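Everything below concerns the one structure shown next.
The sequence lines fix the lettering, A, B, ..., with proteins before strands; numbering per chain opens at 1. In this text, all values refer to a predicted model and were calculated from it rather than measured experimentally.
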Amino acid sequence: MSLSPLFALVDCNNFYVSCERVFNPQLEGKPVVALSNNDGCIVARSNEAKALGIKMGEPFFKARDVIERNGVVVFSSNYTLYGDMSRRVFATLARFTPEVEIYSIDEAFLNLAGFEKDNVTAYGQRIRATVKQWTGIPVSIGIAETKTLAKVAGHVAKYSAKVEGVLDLTIPGYRKKALTMTHVGDVWGIGRRLTRRLVGKGIKTALQLSEVDDGWIRKQMGIVGVRMVHELRGICCFPLKLSAPPKKGITCSRSFGRPVTTLNEMKEAVAAYVSRAALELRKQNSVAGHLTVYMMTNRFKVKEPLHNEEVSVKLPVATDNTGELIHYASGAAEKIFKVGYKYKKAGVILTELSPACQSQTDMFDSLDRNRTEKLMTTLDSVNACMGSRTLQFAAQGTAQPWSMRCEKRSPSYTTNWNELLEVKAS
DNA sequence: TCTGGGGTCCTAGGACCC
DNA sequence: TCTGGGGTCCTAGGACCC
C-alpha cells in the first residue's frame, strides 16, 4: 500500500540577510538588505527593511535615499558564505527525513508521508528549532498534501505571527482559509503575466483559482495550469525530486563593474567566464559540444549606441578543457566585438552537454586529451583547496579592471581562513 | 555614476519524411 | 473555391522559478 503524499516546504527567512546576521548578531532588529551581483539590485531584505517599503528586486540606486535616511545596513552578495550556510541547513534537515529535495539555495521540500498526522505540526516545530539552534538560520515550514499547497502554507506561515513559523494545511478547514488569504499572484507558478490575466478575469485569490473549470484553465494556461490547479485541490502532480539530473546547459555571465570598450578586456572577461563554466562542466562530469558567447551594451542607456549580439560555435570535439574552450570563445568574441560601444555585460553558454566518458574522439584530433585532462584535474584540485583563482589561464587577465563591484561584501567567515584572520586583526 | 544571474519546462511553428 | 495528411524532430521564444 502506498502512503498518501505529505510534503513539508522548509524556507529560510530572508536568507542572505539571515546569513549575515549569524556573524553580526548586533544587526538583529535592524533593517538590513543584501544586493545582487555587481551591487545592482536588492535581493534580500530583513523584515525591518520590508517595513520601510524597500521592494524585492529594486535597483539599489533607486532605494538609496530610503536606505541612507533609515540607516539600513547594506551587504554585497557573498555566495561563498551563503552556499556554505545553505549546506549546513540542508544537512540539518536530512536528520529529520531521508527524503529531502533541495529546491534552491534557501528552500527544500521534505517527504513526510507516513509521519503521524496528529504530530506533524509539532515535528515541524522541532525541525524549525533545531535548524535555528544548529545553524542560526530562522525558517518557515509549510505542510500539505502537494508541493504547491506546501508553498502556500509556507507563505502564510512566514507572515502570520500566530502560527509560529509552522503551518499544516491538512488540518480540517485550514486549506480553504489559507487559499482565501493568498493572492493568486503568490501561487507557485503564477508570475507577473499570468497574474494580470487571471485578475483581469476576476480570479484574485488562490481559492478562486482552485475552483476554475479544468477545460477553461487548459485553454488559458495549458497543461501547466491544469497541474497547478489540481495541486491546489490537493491532487499531487509534482513528486519529490531526490536527485538532480545533470544540467543541460551551463551559463556564466556578469555585468561589468565599469563599461568595457576594448577587445582585450572583453576577451579577458569572456575567458574568465569560460573558466567558471568549464569548472561547473567538469564537476558534473560532462563535456560540451556547443558554445555561445554574447555581449551587450547598457539597455537602460537609450542615448548611447546599442549593440546586443551573440555567436555560436559548434565544437569539433565535445570538451571540458578550459584552454580549448577559451580558444573558441575568444575567436567568437572577436567576431562580434565592435569598437565604439560601451559594453555592460557579457556571457558564455555551454550546451549540447553529454557525459564525459562517452565523448567521441576524432581521428584528426590534434590535442593530447590525456594530458589536458590531467592538467584540468590538477588545476581544479589546487583551486579547490587554495582558493578559486590560485591557478588560472593567462587569458583571464590578472588585474581584471572590468570585474564586478562588491564594495560591501562580508568576509567568508566559514570557508576562508585568510579573510577571518584579517577580520580578527582589524 | 548606479538596473543580477542561472536555471527549467512548455508550446508553436517549420523542416522533413513517408 | 479546392493544393494530402500525419508523425517526428528541432528551435525559438515565452513563461516561470529562486
(message) Under 6.0 Å from the ring centre and within 45 degrees of the ring axis: does the NZ or CZ of A:Lys147 meet both conditions for the six-membered ring of A:Phe109?
(response) yes

(request) Identify which nucleotide among B:dC10, B:dG6, B:dC2 has an atom closest to any side-chain atom of A:Thr251, counting heavy atoms from C-beta outward. (result) B:dG6

(message) Looking only at the side chain of A:Ser255 (C-beta and beyond, no hydrogens), which of the listed nucleotides B:dT1, B:dG7, B:dG5 gets closest?
(response) B:dG5

(request) From the options B:dT1, B:dG5, B:dT3, select the nucleotide whose nearest atom is closest to the side chain of A:Arg64. (result) B:dT1

(request) Describe the nucleic acid contact of A:Gly57 in one word from base, sugar-phosphate, nothing, applying a heavy-atom distance below 4.0 Å. (result) nothing

(request) Among the candidates B:dT8, B:dT3, B:dG7, find the nucleotide nearest to the side-chain atoms of A:Asn298. (result) B:dT3

(request) State which of B:dC2, B:dG7, B:dG6 makes the closest approach to the side chain of A:Cys252. (result) B:dG6

(message) Measuring only between side-chain heavy atoms, which start at C-beta, is A:Tyr413 closer than 4.5 Å to A:Asn24?
(response) yes

(request) Look at the side chain of A:Lys248 and decide which nucleotide, out of B:dT3, B:dG6, B:dT8, has an atom nearest to it. (result) B:dT8

(message) Does the structure show A:Phe300 stacking with B:dT3, if we require the centres to be closer than 5.5 Å and the planes to be within less than 30 degrees of parallel?
(response) yes

(request) Please map the stems of DNA chain B, keeping only stretches of three or more Watson-Crick or G-U wobble pairs with both distances under 3.5 angstrom. (result) B:5-18 with C:5-18

(request) Indicate for each nucleotide in nucleotides 13-18 of chain C, in 5' to 3' sequence, whether protein heavy atoms under 4.0 Å reach the base (B), only the sugar-phosphate (S), or nothing (-). (result) --SSSS

(message) I want to verify a distance call: between B:dT3, B:dG4, B:dT8, whose nearest atom is closest to the A:Lys247 side chain?
(response) B:dT8

(message) Measuring from the side chain of A:Lys345 (C-beta onward, heavy atoms only), which nucleotide among B:dG4, B:dT3, B:dG5 has the closest atom?
(response) B:dG5

